[in-house]
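Written below as structure tokens is the structure these notes are about.
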Amino acid sequence: QVQLVESGGRLVQSGGSLRLSCAASGRTLSSYAMGWFRQAPGKERQFVAAISWSGTYTYYVDSVKGRFTISRDNAKNTVSLQMNSLKPEDTAEYYCAASRDYKAPLNDYDMDYWGKGTLVTVSS
């Protein structure tokens with residue numbers, strides 16, 4: 001079992017930056033590809049970014065390319081999502097998730113473990 005806990009979400013102004021973190025316990029994250037997903041109010045959960053087991057490969061949904069950066073520190077068992085130039089449409093609950101397999105993009109059904117989410121609100 002892997003337990004994932006996200007942090008870092010808060011209210012931020014449009015154009016601002018946030019760094020989300022996902023801390024894992026239970027097993028080492030190096031065995032898992034990791035993804036960030038988000039769910040806006042009234043919408044389906046959406047893939048945001050993925051990173052392979054060692055961090056060699058990353059993949060982003062088009063709407064965040066050039067603004068968001070996913071990274072991982074396997075020694076610390078953490079995954080991060082650096083979000084720059086935030087827009088109101090980035091407002092959502094953000095979830096990190098772990099998968100034994102790396103795909104680009106990752107889908108909900110690919111993921112083996114999920115965190116409970118952290119809320120990001122971007123004001124205009």
Side-chain angles (χ1 to χ4, degrees):
Q1 287 280 354
V2 176
Q3 291 79 42
L4 302 171
V5 179
E6 303 93 337
S7 62
R10 61 175 176 86
L11 174 65
V12 63
Q13 287 190 335
S14 180
S17 298
L18 276 180
R19 187 176 182 86
L20 304 183
S21 294
C22 175
S25 60
R27 287 188 178 179
T28 176
L29 274 187
S30 60
S31 300
Y32 297 89
M34 298 298 296
W36 283 96
F37 294 75
R38 65 185 180 187
Q39 187 168 21
K43 295 188 177 181
E44 293 187 353
R45 189 156 54 191
Q46 173 194 33
F47 165 80
V48 176
I51 189 166
S52 59
W53 307 269
S54 63
T56 302
Y57 303 104
T58 58
Y59 186 83
Y60 301 90
V61 68
D62 284 348
S63 59
V64 308
K65 283 181 181 176
R67 299 190 298 123
F68 290 12
T69 303
I70 188 171
S71 61
R72 66 190 299 160
D73 186 336
N74 286 340
K76 295 183 178 179
N77 244 20
T78 59
V79 177
S80 298
L81 185 68
Q82 178 66 42
M83 306 187 295
N84 299 328
S85 302
L86 283 161
K87 305 175 182 180
E89 51 263 44
D90 294 318
T91 293
E93 190 82 17
Y94 282 73
Y95 300 87
C96 75
S99 171
R100 291 179 179 85
D101 299 316
Y102 175 73
K103 291 182 181 179
L106 289 166
N107 300 293
D108 274 23
Y109 51 79
D110 292 323
M111 311 315 290
D112 297 297
Y113 301 101
W114 290 87
K116 293 185 177 181
T118 185
L119 181 62
V120 173
T121 305
V122 184
S123 63
S124 57

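We number each residue from 1, following the sequence as shown. Excluded from the calculations below are hydrogen atoms, water molecules and symmetry mates; all remaining heavy atoms, backbone and side chain alike, are included.
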Would you indicate whether the side-chain heavy atoms of [Y] and [X] approach each other to under 4.5 Å?
{"X": "V48", "Y": "Y60", "answer": "no"}
{"X": "T28", "Y": "N74", "answer": "no"}
{"X": "T91", "Y": "V120", "answer": "no"}
{"X": "I70", "Y": "V79", "answer": "yes"}
{"X": "Y32", "Y": "Y113", "answer": "yes"}
{"X": "R10", "Y": "V12", "answer": "yes"}
{"X": "R72", "Y": "L29", "answer": "yes"}

Provide the closest heavy-atom pair for [X] versus [Y] in the form atom of the first, atom of the second, distance.
{"X": "G9", "Y": "T118", "result": "N-OG1, 3.0 Å"}
{"X": "S124", "Y": "S14", "result": "CA-CB, 4.2 Å"}
{"X": "C22", "Y": "M34", "result": "SG-CE, 4.4 Å"}

Of all residues at least two apart in sequence or in a different chain, which pass the side-chain hydrogen bond (donor to acceptor under 3.5 Å, both in side chains) check with [X]?
{"X": "S54", "value": "T56"}
{"X": "S17", "value": "N84"}
{"X": "K103", "value": "D110"}
{"X": "R67", "value": "D90"}

Once you round to the nearest 0.5 Å, how far does [atom1] of [X] lie from [atom2] of [Y]?
{"X": "L4", "Y": "K116", "atom1": "CG", "atom2": "NZ", "value": "11.5 Å"}
{"X": "W36", "Y": "L106", "atom1": "CH2", "atom2": "CG", "value": "13.5 Å"}
{"X": "I51", "Y": "T69", "atom1": "CD1", "atom2": "OG1", "value": "10.0 Å"}
{"X": "E89", "Y": "S63", "atom1": "CD", "atom2": "OG", "value": "8.5 Å"}
{"X": "E6", "Y": "S80", "atom1": "CD", "atom2": "OG", "value": "12.0 Å"}
{"X": "F68", "Y": "S85", "atom1": "CZ", "atom2": "OG", "value": "9.0 Å"}

*Tell me, which pairs form a side-chain hydrogen bond (donor to acceptor under 3.5 Å, both in side chains) where one or both residues lie in residues 43-53, sequence neighbours left out?*
R38-Q46, R45-D108
_Qualifying ring-ring contact (aromatic ring centres under 6.0 Å, His included) pairs with a residue from residues 89-111, counting only residues at least two apart or across chains_ = none
*Test item: D101 side-chain N/O and M111 main-chain N/O as donor-acceptor pair under 3.5 Å*: no
*If only atom types and distance count, is the side chain of N77 paired as donor or acceptor with the main-chain N or O of S25 below 3.5 Å?*
no
*Quick one: are the ring centres of W114 and F37 less than 6.0 Å apart?*
yes
*Same cluster or not: are V122 and L11 linked, directly or through other Ile, Leu, Val, Met, Phe, Trp or Tyr residues, by side-chain heavy atoms under 4.5 angstrom apart?*
no
